[in-house]
Trainee: 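This structure is in structure tokens; I'll ask about it shortly.
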Amino acid sequence: MLKILIPTLFLLPTTWLTSSKWLWPTALTQSMLIALGSITWLNNTTDTGWTALNSYIGTDPLSTPLLVLSCWLLPLMLLASQNHLSSEPINRQRMYITLLATLQLFLILAFGATEMIMFYVMFEATLIPTLLVITRWGNQTERLNAGTYFLFYTLAGSLPLLVALLMLQNNTGTLSLLIIPYAKPLLLMPFGSKIWWAACMIAFLVKMPLYGMHLWLPKAHVEAPVAGSMVLAAVLLKLGGYGMMRLMIVLDPLSKEMVYPFIVLALWGVIMTGSICLRQTDLKSLIAYSSVSHMGLVAGGILIQTPWGFTGALILMIAHGLASSALFCLANTNYERTHSRTMLLARGLQIALPLMTTWWFIASLANLALPPLPNLMGELMILTSLFNWSAWTLILTGIGTLITAAYSLYMFLMSQRGPLPQHMLALPPSYTREHLLMALHLIPLLLIILKPALLWGWFAC
Amino acid sequence: MADYREAPLATRPKTLDPNEYFNLSPDYRRAEAERAALRAGLKRQYQLQLNNPHRKELIEDPALNRWVYARANPYNHFKATKKTSLLGALFGVAPLFILYYVFKTDRVCYGGR
């Protein structure tokens, strides 16, 4: 663990001490080496599952895929940001990289934490670099509004979580993730138990986000610069899912009754946000709502607490992280050329930028869960375990899958096919950097097809 | 007939057509001519920008900007009328209760099948 943490920590002096000519190549190389080093975590050798274990941090098959995803994303974020930051003063560029590296550090500590309070502190800590990135480097005036929504929705949801965790610590004596599965269940008065259950879950449901509490997400995703959108979509949403999966073990007997409203919200949210996607005019907003839709499925899979549900949720989280981040990078390539997110303005790009169309195609296919991509694997496992839970969910998830396919294809056809607008003169051809960025997103996604057992979490058999 | 001269390939609007001309009042004709002059001015601005060899960016369309802003900010002008309340209740509130009832009954009575 230290061989990843120390280099990430020292990315901060690196950015401030390298000369401006070598800033980006150095930061990229260091973060790429950290990412390649983090892949070794996928080798879970111990029988109990907890590898790289010490008093504070450990990795297990649940946290390892998410850790590798967050480490993998840092070089990709740096690659994506290089162009739009090149015109800014050098110290602002250094500040940006510092914020991304700090975020990476907090994310590694959050996913690797064995103590729930450390997870909570890191969960909150990740809000600060993200808020700074959204409000300071966003492009429109709405970025302040977006930052406010983002910060206060998450904070309001997670304050009850702090109280709930402290209550759990008081009663059980420990909050270590290794011990808590074997501790006595928390026995409070009936109504108090329900409030405690809700307090534990609401923070993560707001972060995921669940349909009723999702308003912060389109704002934050749209107003953030590309690296902010990438990390939000790929990793920060998964913090919510990871937290839920960890706490579910503790909340067990209560959950049978309490999950119903949230599963209903999650599944109905899949359909509603999918339908909103079909009506969007803003490309980034479409991708943001599609994130809410996919995370609704993940929330449904986690809340029913079955092995297949958890496995499907974990696979879908990783696959969606890569695919959604890829789509945001593609949307950014459009934005850098037209300086507008309106879909109508950037149509018919297949004629102008045919190689980028390949990446648009693969990313859209990943979004609509085409077999044999892991997106389908995750969705199918969640679908079947939800069907086992109650047969009627199939109607909702089936319609949801249909709508997902519809808006993914709509996004692809709208941006690539059709007539090219007549008044666009200066479309710089696709840079090699952009092709590299897309390849680094989508090749891991394709490679996961070959060994999905890496992502199956605790139930890999 | 005023200072209006139509663009080379455009047709003369109906109200400035000499055959229709004498049916209309002079005020109406003047207003039409002014409006046509404004339109021609806008078209000229667009053509100037379109054919400017030093232009690198997109031509800004204020109508498109207004439309995009309107589509992105519906809640600023939201009003709770009978129709919007009905739609909200039908698609936002009722399905949650219906689905809760369906899932609960299915799992409790039929054991989830």
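Quick note on labels: first sequence line is chain A, next is B, and so on, each numbered from 1. Only heavy atoms go into these numbers, but all of them, side chains included; no hydrogens, no water, no symmetry mates. Predicted model only: the values in this text are computed from it and were never measured.
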Trainee: Quick one: which residues of residues 93-104 of chain B reach chain A at under 4.5 angstrom, heavy atoms only?
Mentor: Pro95(B), Leu96(B), Leu99(B), Tyr100(B), Val102(B), Phe103(B), Lys104(B)
Trainee: Should we say atom OH of Tyr46(B) is surrounded by more than 12 heavy atoms from elsewhere, each under 6.0 Å from it?
Mentor: yes
Trainee: About how many Å separate CZ of Arg337(A) and CG of Leu58(B), when rounded to the nearest 0.5 Å?
Mentor: 12.5 Å
Trainee: Using a cut-off of 6.0 Å, state whether more than 12 heavy atoms not belonging to Phe191(A) lie near its atom CZ.
Mentor: no
Trainee: Heavy-atom distance under 4.5 Å to chain B: side chain of Thr338(A), backbone, both or neither?
Mentor: both
Trainee: Between CZ of Arg71(B) and OG1 of Thr342(A), what distance do you get to the nearest 0.5 Å?
Mentor: 11.0 Å
Trainee: Mind checking whether Leu345(A) and Leu64(B) have side chains closer than 4.5 Å, heavy atoms only?
Mentor: yes
Trainee: What part of Ile271(A) gets closer than 4.5 Å to chain B, counting heavy atoms only: side chain, backbone, both or neither?
Mentor: neither
Trainee: Examine whether an atom of Arg279(A) lies under 4.5 Å from a heavy atom of chain B, and if so say whether it belongs to the side chain, the backbone or both; otherwise answer neither.
Mentor: both
Trainee: Kindly indicate whether the side chain of Asp106(B), heavy atoms from C-beta on, has any atom under 4.5 Å from the side chain of Trp389(A).
Mentor: no
Trainee: Any chance you could measure Ser340(A), atom OG, to Glu60(B), atom CD, to the nearest 0.5 Å?
Mentor: 10.5 Å
Trainee: Counting only non-hydrogen atoms closer than 4.5 Å, can you tell me which residues of residues 256-268 of chain A sit against chain B?
Mentor: Glu257(A), Tyr260(A), Pro261(A), Val264(A), Leu265(A), Leu267(A), Trp268(A)
Trainee: Compare every heavy atom of Glu142(A) with every heavy atom of Tyr69(B), then report the nearest pair and how far apart it is.
Mentor: CE1-OE2, 4.4 Å
Trainee: Please classify the contact between Ser285(A) and chain B as side chain, backbone, both or neither, with a heavy-atom cut-off of under 4.5 Å.
Mentor: neither
